[in-house]
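When a ligand or atom number is given, it counts from 1 through the structure's own listing order.
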Amino acid sequence: VSAHACEPTAVDDDGLGPIQWPDGARCAVMLSFDFDAETLWTARDPANAQRLGTLSQGVYGAQVGIPKILETLRDAAVPATFFVPGWTAEHHRDKVVRILAAGHEVGHHGHLHLRIDPEQPEREREEFARGLQALQATVGVQPLGYRSPGWEVSALTMTVLQEHGLLYDSSMMDHVHPYRHTLPDGRRGPIELPVHWSLDDAPLALFSVRAPKTIVTNAHLLQLWQDEFREIYRWGGLFNLTMHPQVIGRPSRIALLREFIGWLRGFPGVWFARGADIATAWAQQEARS
Ligand SMILES: [Zn+2]
């Protein structure tokens, strides 16, 4: 029997074993904010650009949501990741500058927040390039991470990320643990930091007149997030929470964020980290195994 066979491996054959996070941490927590602002509404309907009432929901995200989120993260002393469309960086540059100055990560989130259409590869490439260019031109950011608008991905997406040197993607729902993409041509692609609708504030708390639904209470969201966290913690994985400044930035939701971070802190070995740090740590484990 080789020594190797006697030692517990970091990741079992299913890729579901606990991940060896830095400093012996049990679970990684990625707090992510999709700073769509007005693009959330203009991407749904370009005519919304003239509907100031509809747009004002996105304006709130920039005007109130971002400052209150930054204050909450500062008080809790935790880092976070903000995925920012190029348009948002151009129109709310001061807020993105403040995000960066506070030590948070800024990732790529398209340009006009257009959902990827697999039938329009040229549009996908253009939207990606424009978003990248806008982040570089306005705030000097060369993003390491990408999150696709509305979490749609085509067969081309990971190749585009690879071509532009991105380290990771965070748009897929096929796992809980991070994993490495394989490109269509067989080459190694970016790392995935998986997401899910249940760990997103928008499906449950973002209201739209065109598709009205009940706005849930904090208790509802808290129970979903806590239940999911407890089991991910048990698995030794990644808890990747997606929030939107125009949703989580409401007064009661800011209280929810503050209380939830405090609750997470009650668990030993929780590592709050930015997406790029999580992807880097996962890649180090990958290299060791
Ligand atoms: Zn978005």
Side-chain angles (χ1 to χ4, degrees), residues 30-46 48-49 54-66 69-70 80-93 95-96 99 104-118 120 123-124 126-135 138-139 141 143-154 157 160-161 166 168-173 192-208 210-211 213 221 240-250 253 257 274-275:
M30 175 171 171
L31 301 176
S32 63
F33 300 89
D34 294 0
F35 185 12
D36 304 329
E38 292 97 313
T39 68
L40 187 147
W41 303 99
T42 53
R44 290 181 177 189
D45 181 355
N48 281 341
T54 296
L55 278 190
S56 68
Q57 300 167 91
V59 174
Y60 180 93
Q63 201 152 257
V64 181
I66 290 291
I69 290 165
L70 290 177
T81 303
F82 291 76
F83 292 101
V84 183
W87 187 97
T88 301
E90 288 172 348
H91 291 80
H92 300 288
R93 183 181 174 277
K95 299 301 188 302
V96 184
I99 289 167
H104 305 298
E105 175 184 3
V106 167
H108 189 315
H109 194 43
H111 184 64
L112 298 175
H113 202 262
L114 302 179
R115 267 178 88 91
I116 287 173
D117 177 355
Q120 298 189 63
R123 195 191 77 159
E124 179 179 347
E126 188 194 334
E127 165 87 355
F128 189 92
R130 287 183 71 195
L132 195 63
Q133 205 270 334
L135 286 180
T138 55
V139 288
V141 162
L144 293 171
Y146 174 73
R147 173 168 289 161
S148 62
W151 290 338
E152 197 50 270
V153 169
S154 76
T157 307
V160 172
L161 265 60
L166 273 82
Y168 76 94
D169 174 66
S170 185
S171 317
M172 297 284 287
M173 306 192 198
E192 180 63 36
L193 304 180
V195 294
H196 193 259
W197 296 119
S198 60
L199 295 178
D200 180 347
D201 59 5
L204 290 155
L206 175 72
F207 186 81
S208 165
R210 293 225 185 141
K213 62 195 174 202
L221 287 172
N240 187 357
L241 184 62
T242 297
M243 294 162 280
H244 296 75
Q246 55 191 291
V247 179
I248 201 77
R250 291 298 308 174
R253 306 301 188 193
L257 175 62
R274 300 171 299 186

Check: [Y] and [X] side chains under 4.5 Å, non-hydrogen atoms:
{"X": "H113", "Y": "D34", "answer": "no"}
{"X": "D45", "Y": "R210", "answer": "yes"}
{"X": "H244", "Y": "L206", "answer": "no"}

Geometry at the Zn ion (ligand 1) - H113 NE2 versus D36 OD1 angle, rounded to 10 degrees:
90°
So that I can check it, does any N, O or S atom in H109 come closer than 2.8 Å to the Zn ion (ligand 1)?
yes
Indicate if the distance from the Zn ion (ligand 1) to the nearest N, O or S atom of D34 falls below 2.8 Å.
no
Name the orientation class of the two ring planes belonging to H104 and F82 (parallel below 30°, tilted from 30 to 60°, perpendicular beyond 60°).
tilted
